[in-house]
Visitor: 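The structure under discussion is supplied below as structure tokens; questions concerning it will follow.
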Amino acid sequence: MNPTKSAPVTGGGTSAEVRRDTLTIIDNRNGRLYEIPVKHDTIRAIDLRQIKIHETDFGMMSYDPAYANTASCSSRITFIDGDKGILRYRGYSIEELAEKSSYLETAYLILHGELPTKAQLANWSYHVTHHTFIHESIKKFLYGFHYDAHPMGMLISTVAALSTFYPDAKDIFNPESRTKQTYRLVGKMPTLAAFAYRHSLGMPYAYPDNDLSYCGNFLNMLFRTTELKYRPNPTLEHALDILFILHADHEQNCSSTAMRGVGSSHVDPYSATAAATAALYGPLHGGANEAVLRMLLEIGSVNNVPAYIKSVKSGEKLLMGFGHRVYKNYDPRARIVKDNAYEVFDVMGRNPLIDIALECERIALEDDYFVKRRLYPNVDFYTGLIYQSMGFPVTMFPVLFAIPRTSGWIAQWEEMLLDEEQKISRPRQVYLGQDLRSYIPLEHRS
Ligand code: ACO
């Protein structure tokens, strides 16, 4: 790996002696040649630092705005092959999990690396269920919000506030403490979300019911009114459970990166989850499902779709719910969501916006603009339609994403903490600003 001052390489050889797991770089500024190790089709950016013209130079860096081609960690949680449209959690395909698993089981898998045994699942479900209550003071924070406060704003604030109730969460290198915070976070996120929803309606809060499933209880806290015992509709409960499975993790996306980045400062997991939730709120990430529904409402009718597509192609608008940084074939979650939508429509009635969505998809999949750019529906394209049919206001859509993603965030956070190669996240920059200059007194400035 030491810089070698050698003759230019001829390159391109494929014979056995030439084949090595290295990358040869020639610096054409001075003809120096470097051999850099390659592992998992990746070079280490730090190995570039030896490339310099003068001994006193800082050395070469890689420039990668938005991490388009940079692995920031190694991970064993989620696998995506964007070209083939593959998504797997811990080696299990998303299709099989959506069909056969439950959200709590999938969350266990994501967090622990293996599917639970019967006893492990019972124990995990018991602990999550018994950590769903929130401190009564959280209600006082909620009272401070306007009736029309966005529930994501309320969720971000209240999950951050949890850190003040659980100072033991600062003990991040204690496995028992991490387990406890995991129960609390996975257990309390639905309660915080449901309370935020009830606050916007001015309705009294509905407390958790331990007899119900994770999703059944969530529906109970959202929609229960005067009934003595709330009984969730099994189709809706199951549909929500599938959506939660689909949203549980998605490797190094914007919010996981926020979770890892903020968590790398060794802050408690509630504060890091608040940061991840904030990242998810944006319309280019978890806020996209809300944006899709607003877009479909704006289009208004199937007849208006061609005009809308035209405005997308001319760059005035985005076709929300289309495109993905990683999936360049089809988002496998979108296919499952589409099937799921019809099951919900069977119970709740057909959402008329589905026809607009289908027409957008039909036109876009045939149109050169979208085909060339490999833009396909992502998970958010159809989820909003399901949520709307289930009775959720659009502002709740990103909240419905944040709840299940919490298990993925915690798994990413824990993996980061236990990875000996990880340190506090601190990217470099290419400074293009002014060189040193003298201060000009105010009276001399024009
Ligand atoms: N509508 C129209 N054009 C689009 C769209 C879209 N939804 N998405 C990308 N494009 C175009 C871009 O304008 C660009 O065109 P150009 O090459 O002529 O400049 C090209 O496709 C490539 O797009 P990028 O923005 O470079 O792709 P990137 O990987 O950075 O962005 C993103 C991915 C943010 C998801 C983008 O596709 C987008 O904004 N989609 C709409 C929002 C959305 O649905 N987000 C949800 C993502 S899924 C999730 O977070 C759960």
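Every heavy atom of this structure was used, including side-chain atoms; hydrogens, water molecules and symmetry mates were not. Both counts, for ligands and for their atoms, begin at 1 and track the order of listing.
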Visitor: So, regarding M320 and ligand 1 (criterion: nitrogen or oxygen to nitrogen or oxygen, under 3.5 Å), is there a contact or not?
Guide: no
Visitor: In terms of side-chain geometry, is the basic nitrogen of D209 or R224 positioned less than 4.0 Å from the acidic oxygen of its partner?
Guide: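 Between R224 and D209 there is no salt bridge, as every charged N stays at least 4.0 Å from the carboxylate O atoms.
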Visitor: I'd like to know if atom 16 (P) of ligand 1 has any protein heavy atom within a distance of less than 4.0 Å.
Guide: yes
Visitor: Once the angle between the rings of F322 and F370 is folded into 0 to 90°, is it parallel (under 30°), tilted (30 to 60°) or perpendicular (over 60°)?
Guide: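 Because their plane-to-plane angle is over 60°, the rings of F322 and F370 count as perpendicular.
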Visitor: Do protein heavy atoms approach atom 27 (O) of ligand 1 to less than 4.0 Å?
Guide: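 It does not; no protein heavy atom is within 4.0 Å.
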Visitor: How far is atom 33 (C) of ligand 1 from its nearest protein heavy atom, and which residue and atom name does that atom have?
Guide: R325 N, 3.8 Å
Visitor: If you look at every heavy atom in N378 and H324, which pair is closest and at what distance?
Guide: CB-CD2, 4.3 Å
Visitor: How far is atom 46 (C) of ligand 1 from its nearest protein heavy atom, and which residue and atom name does that atom have?
Guide: A288 CB, 3.4 Å
Visitor: Can you name the atoms of ligand 1, numbered from 1 with element, that are less than 4.0 Å from a heavy atom of R373?
Guide: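 Near R373, meaning under 4.0 Å from one of its heavy atoms, ligand 1 has 11 (C), 15 (O), 16 (P), 17 (O), 18 (O), 20 (C), 21 (O).
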Visitor: Distance to 0.1 Å, residue and atom name: give those for the protein heavy atom nearest to atom 50 (O) of ligand 1.
Guide: H285 ND1, 2.9 Å
Visitor: Should you measure from each heavy atom of V312, which atoms of ligand 1 turn up under 4.0 Å away?
Guide: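 Within the 4.0 Å cut-off of V312, ligand 1 contributes 1 (N), 2 (C).
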Visitor: Ignoring hydrogens, just give me the one of L318, L319, D380, V326 whose non-hydrogen atom is nearest atom 7 (N) of ligand 1.
Guide: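 Looking at heavy atoms only, the winner is L319.
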Visitor: Among protein heavy atoms, which sits nearest to atom 9 (C) of ligand 1, and what does the distance come to when rounded to 0.1 Å?
Guide: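 For this ligand atom, the closest protein heavy atom is L375 CD2, 3.5 Å.
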Visitor: Counting non-hydrogen protein atoms only, what is the nearest one to atom 48 (S) of ligand 1? Give residue, atom name and distance.
Guide: H324 CD2, 3.6 Å
Visitor: Should you measure from each heavy atom of G321, which atoms of ligand 1 turn up under 4.0 Å away?
Guide: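 In order of number, 43 (C), 44 (O).
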Visitor: So which of R178, K180, R184 actually passes salt bridge (Lys or Arg N to Asp or Glu O under 4.0 Å) with D168?
Guide: R184
Visitor: Are any of the protein's heavy atoms under 4.0 angstrom from atom 43 (C) of ligand 1, yes or no?
Guide: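 Yes, there is one.
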Visitor: Quick test of your reading of the model: are E361 and K338 salt-bridged, counting only N-O distances below 4.0 Å?
Guide: yes
Visitor: Against the six-membered ring of Y376, is R374 placed for a cation-pi contact (under 6.0 Å from the centre, within 45° of the normal)?
Guide: no
Visitor: At less than 4.0 angstrom from any non-hydrogen atom of L284, what atoms of ligand 1 do you find?
Guide: 39 (O), 45 (N), 46 (C), 47 (C), 50 (O)
Visitor: Report the nearest protein non-hydrogen atom to atom 41 (C) of ligand 1: residue, atom name, distance rounded to 0.1 Å.
Guide: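 I find the closest protein heavy atom is F322 O, 3.4 Å.
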Visitor: Counting neighbours of CG on D148 that are heavy atoms of other residues, nucleotides or ligands and sit closer than 6.0 Å, is the number greater than 12?
Guide: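 For D148, atom CG is crowded (more than 12 foreign heavy atoms under 6.0 Å).
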Visitor: For the pair F173 and H266, name the ring-plane relationship: parallel under 30°, tilted 30 to 60°, perpendicular over 60°.
Guide: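 Plane angle over 60°, so perpendicular.
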Visitor: Are F397 and F392 an aromatic pair, judged by ring center distance below 6.0 Å?
Guide: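 No, too far apart.
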Visitor: Right, does atom 1 (N) of ligand 1 have protein non-hydrogen atoms nearer than 4.0 Å?
Guide: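 Answer yes: something from the protein, a heavy atom, is under 4.0 Å.
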Visitor: What I want to know is whether K317 and ligand 1 share at least one N or O pair that is separated by under 3.5 angstrom.
Guide: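 No, K317 has no N/O under 3.5 Å of an N/O on ligand 1.
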Visitor: Please say whether more than 12 non-hydrogen atoms of neighbouring residues, nucleotides or ligands are located less than 6.0 Å from CG in N69.
Guide: no
Visitor: Applying the side chain to side chain donor-acceptor pair (under 3.5 Å) criterion to E415, which one of R260, R76, Q422 satisfies it?
Guide: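 One option only clears the test, and that one is R260.
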Visitor: Closer than 4.0 angstrom: is that true for some heavy atom of F401 and an atom of ligand 1?
Guide: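 Contact check F401 vs ligand 1: positive.
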Visitor: State whether any protein heavy atom lies less than 4.0 Å from atom 19 (O) of ligand 1.
Guide: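 Protein heavy atom within 4.0 Å of atom 19 (O) of ligand 1: absent.
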Visitor: Using a plain distance cutoff, I'd like to know if R333 has any nitrogen or oxygen under 3.5 Å from a nitrogen or oxygen of ligand 1.
Guide: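 No, since none of the N or O atoms of R333 sits under 3.5 Å from an N or O of ligand 1.
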Visitor: Does the gap between the ring centers of Y327 and H250 come in under 6.0 Å?
Guide: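 Between Y327 and H250, the centre distance is under 6.0 Å.
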Visitor: After noting the C-alpha distance and the side-chain angles of S255 and N253, does the key distance pass the side-chain hydrogen bond (donor to acceptor under 3.5 Å, both in side chains) rule?
Guide: CA-CA 6 Å; S255 55; N253 50 73; 2.9 Å; yes
Visitor: For atom 35 (C) of ligand 1, what's the nearest protein heavy atom and its distance?
Guide: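 Here the nearest protein heavy atom works out to G323 O, 3.6 Å.
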Visitor: Note the single closest protein heavy atom to atom 13 (O) of ligand 1, along with its residue, its atom name and the distance in Å.
Guide: Y369 OH, 3.9 Å
